[in-house]
Every structure is written in C-alpha cells, then in structure tokens.
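First the structure, in the form of structure tokens, and then the observations on it.
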There are 2 protein chains.
Amino acid sequence: MKEFITILKKTVLFSGVKENEIEAMLSCLQARKFSFKKGEFVLSQGQRLDNILILAKGKLHIQQDDYWGNRSIINIVNPREMFGEAYAAPESGAVMNDVMAVEDSEVIFFDVKKILTVCSSTCRFHTIVVQNLFYAISERNRRLVQKLGYMSKRTTREKLIAYLSDQAKRQNGSSFSIPFNRQQLADFLSVDRSAMSNELCKMRNEGLIEFDKNHFTLL
Amino acid sequence: MKEFITILKKTVLFSGVKENEIEAMLSCLQARKFSFKKGEFVLSQGQRLDNILILAKGKLHIQQDDYWGNRSIINIVNPREMFGEAYAAPESGAVMNDVMAVEDSEVIFFDVKKILTVCSSTCRFHTIVVQNLFYAISERNRRLVQKLGYMSKRTTREKLIAYLSDQAKRQNGSSFSIPFNRQQLADFLSVDRSAMSNELCKMRNEGLIEFDKNHFTLL
DNA sequence: TCGTTTACGTTGTAAATACAACAGACTTGC
DNA sequence: GCAAGTCTGTTGTATTTACAACGTAAACGA
C-alpha cells in the first residue's frame, strides 16, 4: 500500500492530493497491481473495461494490428501515466485497441465506478480527482489531435517533419531523443519502415537533419 | 434565455439537469450566443480559448490547412454538439485547429472557469455537468482513436473500407448516408479527391459497394 | 432562360510508397 | 568467444498516389 502511494502522489490523477488523503482514498478505490512480462498484453481489443489504469513501472504501447499484420502504434505509455480512462464513461463500448508491454511492467488497476460515483459529491479529494481525470483526458485529446496532424500529411517526409518539429518544440531544443526505434516510429506514423529509413537518410544527405540511433538534431 | 434552455436541455452537457436548474445555472455561466455566416471562422488556429462552445444551429468543420493548401477535416460538429472542451484545462495551450461554419450557424459560448470552479463542489447540478463534460470528452477521445484507425490504413481503398464499414455499423445497416460530399470525405481521410473518386468507382465496378451521391450501400 | 458555379467522374503522367530481399553493425545469451 | 538474433540502411520493382486537366451533369442565380 505504501508502495502505491509513493508512485501515485506523482501522477496527474492524484495531483494536489496529499499522501494521507491518497491513503484514505485507496481503501475505497480498491487499487490492485498486476505484473506483465515484455510482449504480454495488458488489454486486448474487444474486451470490456471497468478500470482506469496507471503504469507503475515499465513501458506500454497502445496499438492496433490489422489482418495483414500492419501494426499501428496509437500511443505510448510511460511510468506514472494513466490509460484506459476513455472507457470510464458508462456507455463506452469494448476496448478498441491492444495494450502491450514493451518492457516488463507493473500496472495499477482502479475501479472506475468508485472513482466517479462513490461520495463524489461530498468528498473534497474525490472532486479533485474527478477534475484531474478531466484535465488528463483533455490533454490526451489534444495529443490525439496532434497525432492526427502528423498522420494527415500526405508523404512520409512531411509526416517525419511534422513529428520531429513537434518533438523539438516539446523538448525545447533542436536536439532531442525520441522514444521509438525505427520500426516503432514507422508504426507510429503508419508508414513503411524501409521507406522511412530511406527518407530519413535522404533528409540527412540534404542537410535537413542529423541523427544517431534515436537521437535527432534539426538543422 | 428561454431560447437557450430549449436547446441546452437536449445536449449531452446538460443531460440529467432539469429546465429550471439549467435556468439557474445559466445566470452564473454567462452564456452568450454568436452568429456565423457560411465560410466564416468560429475559431482560428493559434488563438487562446477560455470557452466551451455548443453549436445551436448550422454545421461546423474542425479542420487544418497546411502551407500547400491541403485541408484536413479533423471532425464535424452538428447541432447540440459541444466543441472546444479539449482546451478547458488551465494549462492547455493555443487552439491547434480552425473551426469553420459550413452552413450559417449559431454558437453558444460558456465560460470554462465558471463551469469548472465556481461552486463545483457544493452545487449538485454543477457536479452533474462536470461529469457530463467528462463523459463527452471521453466519447470524443474514442472517436479520435477511431479516426486514427482509418488514417493508419495505408491505401485509399483500405481507408474507405474502414470508414464505410464503421458508418454502416454505427447506423445499424449496410445502407446509409454520410455527412460529406466527395471533397469533404477526401479531406476527412486525407487523400486526394480524384484518386478517391476513382477508387470508389473501381470498388463499385468490382461489386463491393453501391452509391448515389452521399448514400452508400455495402454489398 | 441562359450563363455560372459546383460536384463528380475520368484519364495520363510524374512522384511516392509498399514490399521483398539483402548486407553490415550491433546486441544478447550461452 | 561465438552463434543467433535484432536493428538499420540500401536497392529494385510493382503498386499506389498526387496532381493537373478536362467533360459532363446538376444546381443555382439573375
């Protein structure tokens, strides 16, 4: 229990809630922790979900595979980040994506109904958490729109430029690292890996960018 | 004021709130209505937004144009639907898209801070509205992910199939209408209009689909 | 009614992409 | 240290797309 609290107090969901308040809430939120090995699925497309999840340790990919084996990485989940909250609404249907551990991971499960309904109108902390939940999903919403921005570009080069300039802006500098290897970046942008690799090298030859592994510099 | 209430009581945001309760809230929410002619911009990329908006009448497109004039339609807004709520969080930056009226439209503006903070912990209706807001943005989140599903398909044909099957499922039948003309559908899927038109006709010739204007049938 | 505009389909060409196959550098596990 | 596996870049080909240009039909407005 103590272990949960040290992690949770640094999450967006519990931002502004003190440790002893978190401890008080945990008793009614019925948090449980599960472990997943690299390559295992935390959630699978089609299943029902009544939980909000927080990644305690490791790294996850939210992804979708089609009939032909093309993988599309919707999003990545880093420690202390929340996911599954899009399915917190009562009328939300089945999960539309797979969530896979790309490293050995530990995930905390919260019961959605407890967060949203139990004493939500009386307990101060609960109100804060609901608002935090709203801010978090609002932020994710903006991220998704941003990703739609990359994806709506017609050519691989434009997609790369859109994504890389965005990363540069987000990391406040023209030199930065990305959380993907080549195959994962290609899956994230929904393009062919070799074609993308080719395009990256062309851009390097033209003096637009430099890179070494997953570290990039815009020129 | 009376005019607002008849519209608002049918919106997701005020679902479960009685007319007299809405009337009571409106006084503190400072709702204001603005009109926009077809082609006018309701919101522009880069501007700050401190409002949640509800479309009272007309039709809007949430879109993005790039340097080369390629338009990408992120989403469409129909009457009684809400938009701009992704920027309700205090740390959200500038608006990332344009919102354009594609018909003569009327839009109601609400002050975000009033909705989220004023008496939110004491007033029952306010709590409901915040929860409705959460459900709404949660639903939009799922829609965005679904659109990412269309966009992540590699070929125009696959994108069309993904979108059309989804519409069929949503409208519970293999015969349905879509809210786009050809150019708008192309902008929505981020493909070239003529290439898409070509592909649609090929699919018709192959006996996969039938269509007349914006009405489609899957075979 | 007539001229204008808009929407849709069609075609040809240049450009970009997917796909497969392969080579070299590097990592990992034994 | 070595073998196996992974990651990245490279190349060639077939497929697909973007773009421009044009014809037609329907809708619209004066």
Contacts of B:Ala195 meeting side chain to side chain contact (heavy atoms under 4.5 Å, CB included) (sequence neighbours excluded), chain-then-number -> B:Asp192
Send over the distance from B:Arg154 CZ to D:dT16 C1', rounded to a whole Å. 13 Å
I need the single residue from A:Thr155, A:Thr156, A:Leu160 that forms a side chain to side chain contact (heavy atoms under 4.5 Å, CB included) with A:Val191. Which is it? A:Thr156
Inter-axis angle, terminal five-pair segments of the helix from C:dT1-D:dA30 to C:dC30-D:dG1 [nearest 10°]: 50°
Using whole Å, report how far CE of A:Met196 lies from P of C:dC19. 15 Å
If a pair satisfies side chain to side chain donor-acceptor pair (under 3.5 Å) and one of its residues is in residues 205-219 of chain A, list it, with sequence neighbours excluded. A:Arg157-A:Glu206, A:Ser175-A:His215, A:Ser175-A:Thr217, A:Ser177-A:His215
Please name all residues satisfying side chain to side chain contact (heavy atoms under 4.5 Å, CB included) with A:Arg182, sequence neighbours left out, ordered by chain then number. A:Arg193, A:Met196, A:Leu200, A:Phe211, A:Phe216
Distance check needed: C:dT17 P versus B:Lys159 NZ, whole Å only. 11 Å
Between D:dT8 atom C1' and A:Asp192 atom CG, what is the distance in whole Å? 13 Å
Inter-residue atom distance A:Ser105.OG - A:Phe36.CZ, 0.5 Å rounding: 8.5 Å
Listing time: all N or O pairs from protein to nucleotides 7-9 of chain C that are below 3.5 Å?
{"unit_1": "C:dC8", "atom_1": "OP2", "unit_2": "B:Arg182", "atom_2": "N", "d": "2.9"}
{"unit_1": "C:dG9", "atom_1": "OP2", "unit_2": "B:Arg182", "atom_2": "NE", "d": "2.9"}
{"unit_1": "C:dG9", "atom_1": "OP2", "unit_2": "B:Ser197", "atom_2": "OG", "d": "2.8"}
{"unit_1": "C:dG9", "atom_1": "N7", "unit_2": "B:Arg193", "atom_2": "NH1", "d": "3.2"}
{"unit_1": "C:dG9", "atom_1": "O6", "unit_2": "B:Arg193", "atom_2": "NH2", "d": "3.1"}

Length of the line joining A:Lys153:NZ and C:dT17:C1', which is rounded to integer Å: 18 Å
Whole-Å distance, B:Lys38 NZ to C:dT5 P, equals 15 Å
Option passing side chain to side chain contact (heavy atoms under 4.5 Å, CB included) with A:Met82 (candidates A:Ile108, A:Leu13, A:Ile137): A:Leu13
A:Asp166 pairs by side-chain hydrogen bond (donor to acceptor under 3.5 Å, both in side chains) with which of A:Gln146, A:Lys147, A:Gln171? A:Gln146
Could you state the CG-P distance from A:Leu185 to D:dG9, rounded to the nearest angstrom? 11 Å
Counting only heavy atoms not in B:Lys59, do more than 12 sit closer than 6.0 Å to its NZ atom? yes
Partners of A:Phe109 by ring pair (Phe, Tyr, Trp, His ring centres under 6.0 Å), sequence neighbours excluded? A:Phe34
Nearest whole Å is fine: how far is C:dA18 C1' from B:Glu158 CD? 11 Å
